[in-house]
Amino acid sequence: MSWFPWLFTLWSPSALSLLLLSAMDRHTGLEVVQAIVCSRWGAPIKKSLSQDGDVIIGGLFNLYYKRSAVEHGFTKLPHYEPCTGLDLESLKNAYTMTFAVEEINRNSTLLPGVKLGYRILDSCGSSYWAQQVALSLVGGDAHSCNLTPSTPRSAAYGQPGETAAGQPVPLLIGSASSTSTIVLSRVLGPLSVPLISYMASCPCLSDRLNFPNVFRTIPSDIYQAQAMARMAIRFSWTWIGAVIENNDYGHLAIQAFQEETRGKGVCFEFIETVLKETIVSDASRVALTIQASTARVILVFCWYTEIKEVFLELAKINVTDRQFLASEAWSTSDDLLQDLDISKVASGVVGVAIRSSTIPGFENYLRSLHPMRRPDDTFLREFWEKEFGCSLGVTQSHAASLFPAKGSSQKASLPLCSGTESLEGVKNPFTDISQLRVAYNVYLAVYAAAHALHSLLSCPDRESSSENNSSTWSSPKHIKPKELLQHLNKLNFTTPQGDMFYFQGADIPAKYDLVNWQETPEGSLKLVLIGRVDGFDLHLNESAIQWRTGSNQVPVSVCTESCPPGTRKANRKGEPLCCFDCIQCAEGEISNQTDSLHCEHCPSEFWSNAKQTACIPRQLDFLSFNETLGIALTTAAVSGAAVTTAVFVMFLCYRQTPVVRANNSELSFLLLLSLKFSAWCWSLDEVVWSRPTERKCLPLYIYTDYHLCDMAVPEPPCASTPEKNTKKHLMAR
């Protein structure tokens, strides 16, 4: 576990033990025998978005996507620079959580009398940061704690009047990646802290034995991989390439794809991996691999920041003839859709997307955000200054510590904001709510947490137990995550949009949209809905698809063109099954299907046609007197009859001579008579066959039997002329 040594660099062994011990005290009800006074090891997390409440839920979002390199010398604590590069989509997702919490607090039937609060932190797209902020949320992020057997858990941290920043949370909304969720489940699993992820789609997380505290509002990747596999089979894409993230998300998704296409004739020419930390070199390598490949369809399972670098590299080397299949991680990225530098490469992308939905009132909520009404919101301040190119100044006593020192000179050079700035007319990914996908998953996660809390706080068992432990059971301050976990497993409610919501183990029923990237007159790309996926059912409107070629013609991606009827497939030694040669069937054999593996023999009374696609009856033909062969055979028959008659008459006249008698006259007469009758048979047949049709034809039969002697015979003019075989075989009757 590469993250475990890092964990010890953030907290000393004693501090980590105290943190876990205090968390175990809160989650399991164990009491600390003696008073413990401890202080925080390491710098507290400064940037957060929080609201006080009776119950606080935590949120983890990848608000920043640029991480600085950290040098591990193993001689001193590593210094971690704050992440940079504010991600507007993730910021919108974070405000979806705040909107849902405020909406729930206004609901008189859900959690009545209980105010729900939140604390949102940045996980920086890293499992390392996710661990730190998750432990801060679960264990409390106060500067000090004082644990004694008589100290209530809610009063152990910080000072009186402590806000949500120091109050431990019983549940986390997050993380945004499968890898981080797996790590957090391992760390928080012993504490039974529920995790409701809105983006962790790894199939492995469905395993309740290994991940009993994980839930998610996004379907497992196995469903989108199967949907993409069925599209590849439907469009006969048998020769494809793949680019995947070098983590659990990419490897397990491609494994599910291969299992779905096993035995269906789909092969991979290459499978390339990319990693965020080495994306520059990885993108260059992947682009060259795609350029050299013969596969025209490329399957991509990675984050949008990685595939963007690959697209830029492909644009540099002018590779614009590939059709890309997109996973939900980047199929709806506005950052890619609006980038003109990659539009020529990415045009025609077909992908699986998280099912979109509407959230009434959310657009007005976003556009009404203003730093003056949220003075402690550091994320909104940073977004505001970047969007409007002005400085809000330092209005809080502690605001200067919230921004990195290296940005102070840049902020000082910006003019002060006038106060009239507004998001009402702003158009960017943050204010775009036309297709709420991940944001709706966050919305569902918050409502799932609220309904589980509602079920827990209104549980009859808790009310009956309150007679003995009223101070423990009646207050939302004493919620135990293990009890909350049990109610999440039994969750079943109707969303504000009227849909039924429930967990099937860790998962929800699979629902996806199918989308297509189509060019606009301005040169950018737009997202067009072309179908949907419900469970294992694929519904696709093929006529609405605009492929990479710019038309409705489905692109072809095969190693070898299909073998037509009349041929069979022969695999190439040392190459995948998708690469083969087409061998013509032998004479007397046929194949009447495309990509036939074997040629079938025709029955004995039939023969293969010229294209080797069907068996036809063997042809019976007659010879004509006008043909050279007919004349020759007739002359031979007449001459034979005449000669045998002359010899017979001679032997009859001289039958008493010693010569004839010495030659066994009886046997000689019998042989001569037989030869004469044989010649008469030719003449008799001539009369019989020529009279009814008034045609002079030799009664000779031409069979297509390869056991007889081959002889080239011209077509008789008096015979019917059906389809001829390539060879004629002669036999006299």
Side-chain angles (χ1 to χ4, degrees), residues 53 55 57-59 61 89 92-112 114-118 120 170-174 176 194-201 205-206 214-220 223-224 328 332 352-366 432-459 484-513 529 532-535 537:
V55 181
I57 60 176
F61 296 88
E89 282 286 345
K92 179 171 65 178
N93 298 336
Y95 282 110
T96 305
M97 179 174 173
T98 67
F99 171 80
V101 169
E102 295 178 16
E103 187 177 66
I104 290 168
N105 287 335
R106 294 192 300 268
N107 191 330
S108 59
T109 60
L110 183 58
L111 289 175
V114 177
K115 182 181 179 182
L116 196 61
Y118 55 82
I120 297 173
L171 177 143
L172 291 178
I173 305 295
L195 297 169
I196 306 180
S197 177
Y198 49 88
M199 277 289 282
S201 54
L205 292 172
S206 300
V214 174
F215 301 86
R216 50 187 174 182
T217 55
I218 183 173
S220 168
Y223 294 102
Q224 72 158 327
E328 40 74 31
T332 58
V352 178
I354 300 169
R355 181 69 60 89
S356 64
S357 186
T358 59
I359 304 178
F362 184 51
E363 182 177 14
N364 292 334
Y365 175 81
L366 285 180
D432 181 16
I433 65 160
S434 59
Q435 298 189 43
L436 296 176
R437 301 181 187 277
V438 178
Y440 186 66
N441 286 352
V442 175
Y443 184 78
L444 290 177
V446 176
Y447 265 89
H451 278 275
L453 286 168
H454 181 87
S455 176
L456 176 62
L457 294 174
S458 60
C459 178
L484 188 58
L485 186 63
Q486 295 171 354
H487 285 270
L488 280 169
N489 282 312
K490 299 181 291 185
L491 198 62
N492 194 329
F493 67 93
T494 302
T495 67
Q497 286 72 24
D499 300 325
M500 290 299 299
F501 182 91
Y502 57 90
F503 287 115
Q504 297 173 332
D507 304 324
I508 61 173
K511 292 183 179 180
Y512 291 101
D513 288 337
L529 186 67
R532 68 182 190 277
V533 177
D534 289 315
D537 298 326

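The structure displayed is predicted, hence computed values, not measured ones.
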May I ask you to test the M199-V438 pair for a side-chain heavy-atom distance under 4.5 Å? yes

Report the distance from atom CG of L111 to atom NE2 of H451, rounding to the nearest 0.5 Å. 8.5 Å

Does the side chain to side chain contact (heavy atoms under 4.5 Å, CB included) test come out yes or no for L484 and L453, once each step is laid out? CA-CA 7 Å; L484 188 58; L453 286 168; 3.7 Å; yes

Of the non-hydrogen atoms in I359 and A439, which two are nearest, and what is the gap between them? CD1-O, 4.3 Å

Any Lys/Arg nitrogen of D513 or R355 sitting under 4.0 Å from an Asp/Glu carboxylate oxygen of the other? yes

Rounded to the nearest 0.5 angstrom, the OH-OG1 distance for Y440 and T96 is 12.0 Å

Using side chain to side chain donor-acceptor pair (under 3.5 Å), reason through Y365 and E103 one step at a time and then give a plain yes or no. CA-CA 11 Å; Y365 175 81; E103 187 177 66; over 6 Å; no

Taking all heavy atoms of L491 and all of A452, pick out the closest pair and write down the distance. CD1-N, 3.7 Å

Can you see which heavy atom on M97 is nearest to which on Y118, and at what distance? CE-CB, 4.0 Å

For the aromatic rings, using the six-membered ring if either is Trp, is the centroid distance between F61 and Y198 under 6.0 Å? yes

When you measure from the side chain of K92 to the backbone of L366, do you find a donor-acceptor pair of N or O atoms at a distance under 3.5 Å? no

Tell me if the centroids of the rings in Y447 and Y443 come within less than 6.0 Å of each other. yes

Would a 4.5 Å heavy-atom cut-off, applied to side chains only, mark K511 and V533 as touching? no

Could you grab the distance from atom CG of L456 to atom NZ of K490, nearest 0.5 Å is fine? 9.5 Å

Please check: side-chain N/O of T332 versus main-chain N/O of E328, any donor-acceptor pairing under 3.5 Å? no

From I433 atom CD1 to S356 atom OG, the distance as rounded to the nearest 0.5 Å: 11.5 Å

In sequence, state the C-alpha distance, the side-chain angles, and the governing distance for F215 and L485, and then conclude on side chain to side chain contact (heavy atoms under 4.5 Å, CB included). CA-CA 10 Å; F215 301 86; L485 186 63; 3.3 Å; yes

Give me the atom names and distance for the closest heavy-atom approach of Q497 to P360. NE2-CD, 3.5 Å

Look up atom CG in L195 and atom CG in L488, then write down how far apart they are to the nearest 0.5 Å. 10.5 Å

Which atom names give the shortest non-hydrogen contact between A449 and L171, and what distance separates them? CB-CD2, 3.7 Å

Modelled atom types, side-chain donor and acceptor of D507 and S206, under 3.5 Å: yes

When rounded to the nearest 0.5 angstrom, what distance separates CD1 in I57 from CD1 in I120? 8.5 Å

Heavy-atom side-chain proximity of P509 to Y502 below 4.5 angstrom: yes

Note: F501 and A448 closest approach over all heavy atoms is CE2-CB, 3.9 Å

